[in-house]
Enquirer: 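Supplied in structure tokens, the structure appears directly below.
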Amino acid sequence: MAKKKDTEVEIIDTENGAEVKIGKKTIAEIKEEFGTFVVVVSGKEIAVVRNFEDALEEAIKAYNLIA
């Protein structure tokens, strides 16, 4: 059975919200707009949620579906 390696997720604060990176690859942007958080993957809005934790979860789910 193949051994899974740990994946490090980096969250970088930006002017409009945050970038979510895995390694050198930016997997999503999380933008704060009007009290909500918009998750953007590959230039497309995939989710609008009320808190940052949910936005981060959506970004990682989207990455797992793509990868």
Side-chain angles (χ1 to χ4, degrees):
M1 180 176 244
K3 185 177 179 182
K4 287 190 173 190
K5 62 180 182 176
D6 290 336
T7 302
E8 188 172 314
V9 177
E10 185 177 6
I11 303 166
I12 302 168
D13 193 25
T14 64
E15 257 183 53
N16 300 332
E19 279 186 354
V20 182
K21 288 188 167 191
I22 293 182
K24 294 180 181 179
K25 182 179 179 182
T26 300
I27 63 164
E29 293 177 65
I30 300 173
K31 299 179 183 180
E32 187 175 3
E33 296 179 358
F34 308 109
T36 61
F37 294 91
V38 179
V39 183
V40 180
V41 175
S42 300
K44 297 177 185 174
E45 289 185 8
I46 63 161
V48 178
V49 295
R50 291 184 182 208
N51 61 45
F52 185 81
E53 292 81 12
D54 291 342
L56 184 57
E57 184 177 333
E58 291 295 328
I60 293 170
K61 281 183 191 176
Y63 173 73
N64 286 335
L65 291 174
I66 294 169

Enquirer: Do Ile60 and Val38 land in one hydrophobic cluster if side-chain heavy atoms of ILVMFWY residues count as linked below 4.5 Å?
Expert: no
Enquirer: Test of understanding: with side-chain contact (heavy atoms from CB on, under 4.5 Å), list the residues that count as partners of Ile46, not counting sequence neighbours.
Expert: Val39, Val41, Ala62
Enquirer: Side-chain contact, heavy-atom cut-off 4.5 Å: Phe52 with Ile30?
Expert: yes
Enquirer: So if you build clusters from Ile, Leu, Val, Met, Phe, Trp, Tyr with side-chain heavy-atom gaps below 4.5 Å, do Leu56 and Val48 land together?
Expert: no
Enquirer: Give me the other members of the hydrophobic cluster that Phe34 sits in, counting Ile, Leu, Val, Met, Phe, Trp and Tyr linked by side-chain heavy atoms under 4.5 Å, directly or via other members.
Expert: none
Enquirer: Mind checking whether Lys25 and Lys21 have side chains closer than 4.5 Å, heavy atoms only?
Expert: no
Enquirer: Just how far is it from atom CZ of Arg50 to atom OG1 of Thr36, taken to the nearest 0.5 Å?
Expert: 9.5 Å
Enquirer: Test of understanding: clusters of I, L, V, M, F, W, Y form through side-chain heavy atoms closer than 4.5 Å, transitively. Do Val9 and Val40 belong to the same one?
Expert: no
Enquirer: So, taking the atom named CD1 in Ile27 and the one named CD in Glu10, what distance separates them when rounded to the nearest 0.5 Å?
Expert: 11.0 Å
Enquirer: Going by salt bridge (charged side-chain N to carboxylate O under 4.0 Å, His left out), name the residues that satisfy it together with Glu32, two or more places apart in sequence or in a different chain.
Expert: none
Enquirer: Indicate if Ile12 and Ile22 have the same hydrophobic cluster label, given that clusters are the connected sets of ILVMFWY residues with side-chain heavy-atom separations under 4.5 angstrom.
Expert: no
Enquirer: Let me confirm one number: the CG-CZ distance from Asn51 to Phe37, rounded to the nearest 0.5 Å.
Expert: 7.5 Å
